[in-house]
Amino acid sequence: MKRSFLLWYVLLVQAFYGAWYSVGGNLHCEYSNSVILHRPHSVSITEFGAVGDGVTLNTKAFQNALFYLNSFSDKGGAKLFVPAGQWLTGSFDLISHLTLWLDKGATILGSTSSENWPVVDPLPSYGRGRELPGRRHRSLIYGQNLTDVVITGENGTIDGQGSIWWDWFRNGELNYTRPHLVELINTTGLIISNLTFLNSPFWNIHPVYCSDVVVKNLTILAPLESPNTDGVDPDSSTNVCIEDCYIVTGDDLVSIKSGWDEYGISYARPSSKIKINRLTGQTTSSSGIAIGSEMSGGVSDIYINDLHLFNSSTGIRIKTSPGRGGYIRNVHVSNVKLHNVKKAIRFTGKYGEHPDENFDPKALPTIEKITFENVSGEDIGVAGLLEGIEGDEFKNICFLNVTLTVKNSKKAPWKCSHVRGYSQWVSPEITCDSFDKSIFPEHSSDCFGLSENNLEKSSGLSRSPWLLSW
């Protein structure tokens with residue numbers, strides 16, 4: 001039995017790591033369903049007394065089922081099957097070597113009573129709850145120090161029933177920070193796929209201190225006015241792939257983070273090797289993709305490809321502040337389509353929001369080597385609002401093949417301060433003095449991740465029509 005489990009686990013690791021190392025060339029993340037989704041043991045939540053009527057509280061049933069399945073963690077793992085129905089529950093813990101499977105028509109409903117969401121300590125890289133000092137409510141689906149966790153199904157639904165939490169937040173009635181829908185802490189080998197997430201009380205999916213994460217084929221929805229209902233927030237995590245998702249929420253669709261001010265600097269756990277492919281969505285308050293503002297542990301090697309954003313506030317945003325420290329570097333954004341977006345690209349160097357008064361205002365972030373390539377947009381309010389930090393210039397910011405149709409031609413389409421870089425084949429032209437009007441050939445090494453296609457097109461060309469290809 002031990003030998004068969006060892007073989008199974010080796011195959012599992014190969015599936016995860018093989019998938020990650022295959023993404024570099026084509027920005028496509030793959031994993032093996034046959035290896036990862038097969039479990040030799042399976043039970044239904046109904047075997048533990050759960051009732052799917054949307055009224056009966058099933059927290060104990062989930063807890064007991066997972067306690068039982070934990071006995072199979074060294075025998076190839078197990079699958080918890082959730083059939084069609086409305087399964088009301090409070091927060092519950094996952095286990096290693098588990099597949100949580102939501103069948104077609106199955107909905108896990110979060111309880112509307114705060115007592116069913118326990119209070120836990122803040123994350124060490126944050127030092128306190130994100131919105132209130134002190135502790136925070138635990139996520140609906142929770143786990144820490146795990147290996148090999150899969151949350152998937154036949155497009156089942158996880159509904160946080162968050163409207164009551166939004167009201168408590170707006171009315172100042174909360175004693176602790178709101179809970180996420182899913183939070184996995186210090187977990188290796190995590191897949192979340194083929195599901196719909198609705199009405200999270202706070203952020204929807206929060207992998208923190210995790211590695212080898214795939215988030216794929218999800219629909220994530222919350223009202224556009226719902227507060228802070230981020231879609232997917234990888235935080236101090238490495239080897240993360242997010243792809244083929246449709247997200248409409250009240251905040252950033254994806255936000256990459258790595259800790260907050262002095263706590264994030266001290267914990268020193270960066271986010272790196274993150275790929276975001278084929279993301280479509282809308283947010284009227286925030287950004288399609290944000291990096292920061294909590295980035296004190298550092299963020300690097302980020303690849304964003306095929307983003308389609310419509311009727312939204314901001315396309316892509318870099319957020320930081322004096323006191324954050326850390327760095328954001330080696331970011332490549334390509335193949336972006338924007339329609340009716342107020343600000344296409346935004347850098348904010350003085351975002352503010354500090355956990356307490358103990359942050360060091362002299363801890364300045366390093367922002368460098370960020371490339372935007374093959375970006376198009378129609379009905380754009382402002383092409384770029386690029387605001388760095390005085391005495392801490394953002395540098396090697398590159399724009400190549402960017403064509404944005406700006407609504408008001410009388411206003412300056414680009415506004416820059418304390419940001420330096422290069423641009424080529426950009427319309428409307430970046431007229432900021434701190435931007436060189438060419439990249440090729442002398443500055444191409446200063447721009448991170450330029451595509452071979454554009455490098456070939458630049459050969460022998462000092463100036464070109466807009467070379468957008470999709």
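Looking at heavy atoms from C-beta onward, Glu243 lies out of side-chain contact with Asp306 at the 4.5 angstrom threshold. The shortest distance between side-chain heavy atoms of Asn239 and Lys273 falls below 4.5 Å. Using a 4.5 Å heavy-atom threshold, the side chains of Tyr267 and Tyr209 count as touching. Side chains of Leu218 and Ile205 form a contact here, defined as non-hydrogen atoms less than 4.5 Å apart. At a threshold of 4.5 Å between non-hydrogen side-chain atoms, the residues Ile439 and Leu450 count as touching. The shortest distance between side-chain heavy atoms of Ile242 and Pro234 falls below 4.5 Å. At least one side-chain heavy atom of Glu262 sits less than 4.5 Å from a side-chain heavy atom of Pro355. You'll find the side chain of Leu364 reaches within 4.5 Å of the side chain of Pro322, heavy atoms only.
Using modelled atom types and a 3.5 Å distance limit, the side chains of Arg130 and Asn228 yield no donor-acceptor pair. In this structure, a donor-acceptor pair under 3.5 Å is absent between the side chains of Ser334 and Asn374. For the residue pair Ser211/Thr188, the side-chain donor-acceptor check at 3.5 Å is satisfied. No hydrogens or angles considered: a donor-acceptor pair under 3.5 Å links the side chains of Arg324 and Ser293. Side-chain contact of Thr152 with Ser193: a donor-acceptor pair under 3.5 Å is present, judged by distance alone. For Ser163 and Asn199, the side-chain atoms include no donor-acceptor pair closer than 3.5 Å. A donor-acceptor pair shorter than 3.5 Å can be found between the side chains of His97 and Asp148.
Within the structure, ring-ring contact (aromatic ring centres under 6.0 Å, His included) contacts touching residues 312-331 (residues at least two apart or in different chains) do not occur. Sorted by first and then second residue, the disulfide bond (SG atoms under 2.5 Å apart) pairs with a member in residues 246-325 form an empty list; sequence neighbours excluded. Sorted by first and then second residue, the pairs that involve residues 388-428 and meet disulfide bond (SG atoms under 2.5 Å apart), not counting sequence neighbours, are Cys398-Cys447, Cys416-Cys432. Applying the ring-ring contact (aromatic ring centres under 6.0 Å, His included) definition to pairs two or more places apart or across chains, those involving residues 340-372 are His354-Phe359, Phe372-Phe399.
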Derivation of the side chain to side chain donor-acceptor pair (under 3.5 Å) call for Asp230 and Thr249: CA-CA 6 Å; Asp230 297 27; Thr249 67; over 6 Å; no
Test salt bridge (Lys or Arg N to Asp or Glu O under 4.0 Å) on Asp244 and Lys216 and set out the steps. CA-CA 6 Å; Asp244 298 313; Lys216 184 179 176 71; 3.4 Å; yes
Output, in order, the C-alpha distance, side-chain angles, deciding distance and verdict of side chain to side chain contact (heavy atoms under 4.5 Å, CB included) for Lys319 and Asp252. CA-CA 12 Å; Lys319 302 184 286 187; Asp252 300 319; 3.1 Å; yes
Side chain to side chain donor-acceptor pair (under 3.5 Å) evaluation trace for Thr348 with Arg317: CA-CA 8 Å; Thr348 304; Arg317 189 176 184 186; 3.0 Å; yes
As a quick check of understanding, evaluate side chain to side chain donor-acceptor pair (under 3.5 Å) for Asp251 and Ser286, giving each step before the final call. CA-CA 5 Å; Asp251 211 298; Ser286 299; 3.2 Å; yes
Walk me through whether His418 and Ile389 qualify under side chain to side chain contact (heavy atoms under 4.5 Å, CB included). CA-CA 6 Å; His418 313 299; Ile389 299 172; 5.7 Å; no
For a salt bridge (Lys or Arg N to Asp or Glu O under 4.0 Å) check, start with the C-alpha distance between Arg136 and Glu183, then their side-chain angles and the critical distance, and finish with the verdict. CA-CA 12 Å; Arg136 62 201 185 102; Glu183 182 178 69; 3.0 Å; yes
Apply side chain to side chain contact (heavy atoms under 4.5 Å, CB included) to the pair Leu253 and Leu309, showing each step before the final yes or no. CA-CA 10 Å; Leu253 308 187; Leu309 195 67; 3.6 Å; yes
Using side chain to side chain contact (heavy atoms under 4.5 Å, CB included), reason through Leu307 and Ile276 one step at a time and then give a plain yes or no. CA-CA 8 Å; Leu307 168 67; Ile276 303 168; over 6 Å; no
With side chain to side chain donor-acceptor pair (under 3.5 Å) as the criterion, how do Asn305 and Asn277 come out once you've worked through the C-alpha distance, each side chain's angles and the decisive distance to 0.1 Å? CA-CA 5 Å; Asn305 188 56; Asn277 308 321; 4.8 Å; no
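The two residues Leu195 and Asn155 make their nearest non-hydrogen contact at C-OD1, 3.7 Å. Residues Val382 and Pro413 approach most closely at CG1-O, 3.4 Å, considering heavy atoms. Across all non-hydrogen atoms, the minimal contact from His443 to Ser438 is CD2-O, 3.5 Å. Contact record, Pro365 with Thr320: CG-OG1, 3.2 Å, taken as the closest heavy-atom pair. Closest approach of Trp87 and Ala106 over heavy atoms only: NE1-CB, 4.5 Å.
Within 6.0 Å of NZ in Lys60 there are 12 or fewer heavy atoms belonging to other residues, nucleotides or ligands. Atom CG of Asp433 is surrounded by 12 or fewer heavy atoms from other residues, nucleotides or ligands within 6.0 Å.
Of the charged side-chain nitrogens involved, none lies within less than 4.0 Å of a carboxylate oxygen, so that Lys350 and Glu387 do not count as a salt-bridged pair. Using a 4.0 Å cut-off between charged nitrogen and carboxylate oxygen, Asp93 and Arg138 count as a salt-bridge pair.
Expressed to the nearest 0.5 Å, how far CZ of Arg329 lies from CD1 of Ile291 amounts to 12.5 Å.
Looking at residues two or more places apart in sequence or on another chain, you find no side chain to side chain donor-acceptor pair (under 3.5 Å) involving Glu378. Phe62 meets the ring-ring contact (aromatic ring centres under 6.0 Å, His included) test with Phe92; sequence neighbours excluded. The ring-ring contact (aromatic ring centres under 6.0 Å, His included) check on His339 picks up nothing, with sequence neighbours excluded. Scanning for ring-ring contact (aromatic ring centres under 6.0 Å, His included) contacts around Tyr126 gives an empty result, with sequence neighbours left out. With sequence neighbours left out, the side-chain contact (heavy atoms from CB on, under 4.5 Å) criterion links Ser266 to no other residue. Taking Glu390 as the reference, nothing meets the salt bridge (charged side-chain N to carboxylate O under 4.0 Å, His left out) condition, with sequence neighbours excluded. With sequence neighbours excluded, no residue forms a salt bridge (charged side-chain N to carboxylate O under 4.0 Å, His left out) with Asp392. Evaluation of the ring-ring contact (aromatic ring centres under 6.0 Å, His included) rule for Trp117 yields Trp165 as partners, not counting sequence neighbours.
Judged by distance alone, the side chain of Gln424 and the main-chain N or O of Phe440 form a donor-acceptor pair under 3.5 Å.
A tilted orientation is assigned to the rings of Phe310 and His308, their planes being inclined by 30° to 60°.
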